[in-house]
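First the proteins, then the strands, lettered A, B, ... as listed; each starts at 1. Computed from a predicted model, the values in this text were never measured in an experiment.
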2 protein chains.
Amino acid sequence: MKTLKIPEATIIRLSVYSRYLTEVDRKGIVTISSGEIAEGVGVSPAQVRKDLAYFGEFGTRGVGYNVKDLRRHILKILGLSVDWSVTLVGLGNLGLALTTYKGFRERGFIITSIFDTDPGKAATKINGVDVMPLERLVEVVKQNRTQIGIITVPAAAAQDIADMMVKAGVQAILNFAPVVLNVPAEIELRNVDLAVNLEVLTFNIGAQRF
Amino acid sequence: MKTLKIPEATIIRLSVYSRYLTEVDRKGIVTISSGEIAEGVGVSPAQVRKDLAYFGEFGTRGVGYNVKDLRRHILKILGLSVDWSVTLVGLGNLGLALTTYKGFRERGFIITSIFDTDPGKAATKINGVDVMPLERLVEVVKQNRTQIGIITVPAAAAQDIADMMVKAGVQAILNFAPVVLNVPAEIELRNVDLAVNLEVLTFNIGAQRF
DNA sequence: GATAGATAGTGATATAATGAACAATAAAAA
DNA sequence: TTTTTATTGTTCATTATATCACTATCTATC
Ligand SMILES: NC(=O)c1ccc[n+]([C@@H]2O[C@H](COP(=O)([O-])OP(=O)(O)OC[C@H]3O[C@@H](n4cnc5c(N)ncnc54)[C@H](O)[C@@H]3O)[C@@H](O)[C@H]2O)c1
Ligand SMILES: NC(=O)c1ccc[n+]([C@@H]2O[C@H](COP(=O)([O-])OP(=O)(O)OC[C@H]3O[C@@H](n4cnc5c(N)ncnc54)[C@H](O)[C@@H]3O)[C@@H](O)[C@H]2O)c1
């Protein structure tokens, strides 16, 4: 197995390229150059070509890339040529926003189960998905072969939920609680920390000081 | 002006350290070593010391760091020793989650105005803040000397909102719409792309292929 | 066909970030 | 005091990432 190390920054950019190509494709444009992609997403043309070069040769010299083809290739690379089953735990304000967000489904992320401890919530239905009590998490997630878990519970409860998700066999967790989670090495974990984003901004605003 | 370049990764970690220190401080712990911080947030001890070294000497050799002091220093570095005025545009599902989130206020981010085109929404009040129509954005944001704008409108409207925010004098924008925005170089811009986060996960799950 | 113009792919180079090692130094113990 | 122990601050090496410059190759035109 060739284990060529791909920078995470490259993956993030690929995701952005693919979104941009979707937009370009909608306008009916057939061919695009690395320079035009670069322009559209705010990076250098060399960067675009380098990123793509990790995965093969998708363009034609002197011409550029076929928009539809390149888009399809990138989606394949990102693992988006198939649907993913996602569970969300914690149907608070943020959890509700995420479950009702159309953009996820468009990219193949299907929320197949929702859990919350609040008995009032664990009786409702969101987009045709029942909200269930925590006790059923392991069972249901196992049964659905759900691969991805989203955590939107208060920080204090997040580690417990992560443990349950791991027990239920998820392969990846997206955590919105502002806390450092411990999971086995084979589980992919990403933290989305919204406050941190604001703090990077405030640092940069005041960065003259250094 | 000494323009020492600080890696963005350092800033993100500082934010995480400060949050961890808040937690440690609550437990009444007075002193902490770089190794303990590292353990708590999942990085290497050398990394912790390196990150801090950009800004000064905060520890005592042979002893470690005073928790309260270090926390205060980091908050100062991040620009969190003062409050920030924030405006949010687009009171949809995500916008509502963000405006009602307590964690921002705790770190000094005060949402001082909210705007939405929907006349039904532009009459309500969230946490004592009136929701106003877009027409008032420039005026109100200017008057409040608001420094930070959060964009949670549909992608198609995001660039317009960014332009208005710039016109109104914000210094930084946090954009949740999945689109690449153009703003003047002096404006700090960060994009939070939630779908990208899921896609990094799916890439990594399937990364055996490369 | 041959030639010109455009643009992808790529190896070399530069820059940045991380990691490991260690000297400096403060506190505690002898 | 002196010695030992702990742990920082910092240097140097390594690794990772981005940029640059060049070569290969395609299309269109003469
Ligand atoms: N709302 C935001 O904009 C925002 C921003 C940044 C971070 N976050 C983080 O996201 C998480 C959720 O935020 P929120 O604003 O939606 O909070 P919320 O209080 O609105 O929602 C939390 C939900 O989790 C449920 N819950 C509590 N304990 C649970 C458990 N053990 N198992 C299952 N469900 C449980 C609650 O019933 C509630 O429905 C928090 O960790 C918060 O810090 C939120
Ligand atoms: N909801 C999520 O979980 C989620 C996740 C990822 C990205 N996003 C992005 O965040 C943005 C908002 O998402 P959402 O789910 O809250 O959408 P939403 O449709 O629930 O809310 C959008 C809000 O913006 C308002 N609006 C529309 N045009 C406007 C304009 N020109 N000026 C001011 N307000 C305007 C609408 O009235 C509505 O209240 C979108 O760009 C979406 O792609 C959302």
Side-chain angles (χ1 to χ4, degrees), chain A residues 2-17 20-21 24 29-74 77 200 203-204 207 210, chain B residues 2-17 21 24 29-71 73-74 77 200 203-204 207 210:
Chain A
K2 182 149 51 100
T3 307
L4 173 55
K5 177 70 184 56
I6 317 271
E8 179 167 300
T10 290
I11 305 308
I12 293 171
R13 284 190 298 264
L14 284 179
S15 173
V16 176
Y17 301 160
Y20 181 66
L21 290 171
V24 169
I29 294 167
V30 176
T31 306
I32 194 168
S33 69
S34 59
E36 289 165 319
I37 297 173
E39 170 83 26
V41 306
V43 303
S44 75
Q47 183 79 79
V48 173
R49 296 199 298 272
K50 245 307 159 44
D51 286 337
L52 295 172
Y54 282 112
F55 303 97
E57 304 190 1
F58 306 111
T60 307
R61 296 175 189 209
V63 180
Y65 303 90
N66 177 284
V67 173
K68 275 191 207 303
D69 279 357
L70 183 58
R71 176 171 175 280
R72 188 151 15 86
H73 275 301
I74 296 178
I77 290 165
V200 172
F203 172 81
N204 284 332
F210 303 101
Chain B
K2 181 149 53 100
T3 307
L4 173 54
K5 175 73 183 51
I6 316 271
E8 180 169 298
T10 289
I11 304 309
I12 293 171
R13 283 190 299 265
L14 284 178
S15 173
V16 176
Y17 302 160
L21 291 171
V24 168
I29 294 167
V30 176
T31 307
I32 194 167
S33 70
S34 59
E36 290 165 318
I37 297 174
E39 170 84 25
V41 306
V43 303
S44 74
Q47 184 80 79
V48 172
R49 297 198 297 273
K50 206 54 165 313
D51 287 337
L52 295 173
Y54 282 111
F55 303 98
E57 304 190 3
F58 305 112
T60 309
R61 295 173 190 215
V63 180
Y65 304 89
N66 177 283
V67 174
K68 275 192 207 301
D69 279 357
L70 183 57
R71 175 171 176 282
H73 275 302
I74 295 179
I77 290 165
V200 173
F203 172 82
N204 285 331
F210 301 103

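- Counting only heavy atoms from C-beta on, A:Val63 has its side chain closest to D:dC26 among D:dC26, D:dT8, D:dA18.
- One interatomic measurement links the two molecules: CZ of B:Arg61 to C1' of D:dT10, which rounds to 8 Å at whole-angstrom precision.
- For B:Arg13 and C:dT18, the shortest distance from a side-chain N or O to OP1 or OP2 is below 4.0 Å.
- What separates CG of A:Asp51 from C1' of D:dT17 is a distance of 10 Å, to the nearest Å.
- A sub-4.0 Å separation between OP1 or OP2 of C:dG9 and a side-chain N or O of A:Arg49 is absent.
- Distances shown here put a side-chain N or O of B:Gln47 below 4.0 Å from the OP1 or OP2 atom of C:dG19.
- Checking each of B:Ser33, B:Ser34, B:Ser44 against B:Arg49 for a side-chain hydrogen bond (donor to acceptor under 3.5 Å, both in side chains) leaves exactly one that passes, namely B:Ser34.
- Comparing D:dT19, C:dA8, C:dT18 by their nearest atom to the side chain of A:Ser34 picks out C:dA8.
- Along DNA chain D, the nucleotide nearest A:Ala9 and the nucleotide nearest B:Ala46 are compared for position; the residue whose nucleotide lies closer to the 5' end is B:Ala46.
- Checked against C:dA20, D:dT19, C:dA8, the side chain of A:Ser33 finds its nearest nucleotide in C:dA8.
- Contact check, B:Tyr65 against C:dA26: no side-chain N or O comes under 4.0 Å of OP1 or OP2.
- Counting non-hydrogen atoms under 4.0 angstrom, A:Thr10 reaches nothing in the nucleic acid.
- Going from atom CG of A:Asp69 over to atom P of C:dA8 covers 14 Å, rounded to whole Å.
- Distance from the side chain of B:Ser44 is smallest for C:dG19 among the nucleotides C:dG19, D:dT10, C:dT18.
- Ring geometry for A:Phe58 versus A:His73: interplanar angle of 30 to 60°, hence tilted.
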